Amino acid sequence: MKIEERIARRQHGESDPRLVLDYDALSPVVHPQEPVGRGSLVERLLDCIEPVFDGRVPSDVYVWGPKGAGKSAVIRALFAQLDRLIGRSDSQILTTTRAIPTPSVEFVYIDARTATTGFALLHAVLDQLVSDPVPKQGVGAEAIATRLDRQLASDRAVIIGVDHINEPESLSADLVFEQLQPFTPGLAALLVGRDPPTATGVGDREAVQTVHVDGYRRHALAEVLTSRASNGLVRSATTHGQLRELATWADGDAHDALAALFGASVIAEQRGHEKIYPADMAVGMHAVPRPGVSLGRVLSLPDSRQRILSHLIELPESDRRSVGAAADAISAYNVELSRATIERVLYELAEAGIVRRVKAQSTGTGRPPSRVELGFPTRVFSHLTSEP
DNA sequence: ACCTGGTCCCGGGCTCGGTTTT
DNA sequence: AAAACCGAGCCCGGGACCAGGT
């Protein structure tokens, strides 16, 4: 915990934390600077992009593996370090004996969950390459492409990491390649997604290197949890056995395991416990639907969608008996959307797997309604969105 | 050089009406 | 027949760019 936070606690008359030191350390959407237990993945990625160390542009890469396997954690951390060490500025790597002048290669990380159109992709890339902000509205896609082309013409080499490819509501691999195609000489893409290459169209592109990531093994995941718990919770808030069990339950998915631990911590803190009891952990696990979608997807939804979800979570079971009923109930709150739009949005969210429609028993005439259920870790979502 | 109205851009709310399912 | 479902086009707001006038 930071000193600033400690001081803030005292100012508000709070005593030392009894359980949670730092929710960020437990959060499945916050990645540490140094991911635990994914060394070999880092090595394989470095192999793929080896040419950059001579200032050349490597061929494109596709990294794929299941949800919660640490893909994003590794890519984010790796790109941040690469950009710091050999990217941008006039950088030179100083060794004890000599200065190696490295032709600069820049590294840009893009999340396809936020950049969901071809326009948004190019915009995001350009925005990171130039210092002054690029307008997001009022300027055509053509204009963005022209500016980007001019940037890349001047001998710049750029590696673009595009995370979360081929999710519903995000970019497809084909679209990304198509968008980046005009700039290829000075630019390479590293795509990250869940689908196997054959299912994404990447398989048809021979020049693309592929890297497969497996889910965490049980004890590797337990180590991740131990490391997170030691940063986020007071000492002895959890036991080794507990974290091992959690790892087993999560079956290699670090996202779900952390979401459950986070939820358990919230509930334990509410109950005034100084450690996480089995009952707390059970509640935490219960609030993580499996299979479910990752929190990152939910948190990158537009504001209006998140407002709808916040209210949907609060709704009593009876108000979620059908999509129409849920739309009615939500529109009673102060959401600045019409009832029809809310209903439409609920169908959209169901399409994306963020909420689920569960068919109910037929209740008379007509097509039976479907109950609305949440498809993501609700406790974590509520906690993260209720804060200012 | 500065103002101002016109035009184009993108994204997101909204609605309509056809289709599917029981 | 009735209700759930949903594809897709319209519309509008805010922003940038442009040109013509002062």
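A quick note: this is a predicted structure, and the numbers were derived from the prediction, not measured.
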Please determine which of Lys67(A), His255(A), Arg113(A) meets the side chain to side chain donor-acceptor pair (under 3.5 Å) test together with Ser294(A).
Arg113(A)
Any heavy-atom pair between the side chains of Leu41(A) and Arg44(A) that's under 4.5 Å?
yes
Is there a side-chain polar atom (N or O) of Arg357(A) under 4.0 Å from OP1 or OP2 of dA4(C)?
no
Could you list where the contact with chain A starts and ends along DNA chain B, reading 5' to 3', using a 4.0 Å heavy-atom cut-off?
dC9(B) to dT22(B)
Counting only side-chain N and O atoms of Ser370(A), is one of them less than 4.0 Å from OP1 or OP2 of dC5(C)?
yes
How about Pro35(A) and Arg76(A): do any of their side-chain heavy atoms sit closer than 4.5 Å?
no
Polar side-chain atom of Ser382(A) near backbone of Arg379(A) as donor-acceptor pair, under 3.5 Å
no
Under a 4.0 Å heavy-atom cut-off, which of residues 342-355 of chain A touch DNA chain C?
Arg344(A), Tyr347(A)
Identified side-chain contact (heavy atoms from CB on, under 4.5 Å) counterpart of Phe107(A) within the set Asp83(A), Val158(A), Leu190(A), Leu78(A)
Asp83(A)
Counting any heavy atom closer than 4.0 Å, what does Ala141(A) reach on the DNA or RNA strands: base, sugar-phosphate only, or nothing?
sugar-phosphate
Minimum side-chain heavy-atom gap Tyr62(A)-Asp60(A) below 4.5 Å:
no
What is the distance, to the nearest angstrom, from the NE2 atom on His123(A) to the P atom on dG15(C)?
14 Å
Within the side chain of Arg290(A), is there an N or O that forms a donor-acceptor pair under 3.5 Å with the backbone of Trp249(A)?
yes
Could you tell me whether Arg38(A) sits above the aromatic face of Tyr216(A), with NZ or CZ closer than 6.0 angstrom to the six-membered ring centre and within 45 degrees of the axis?
yes
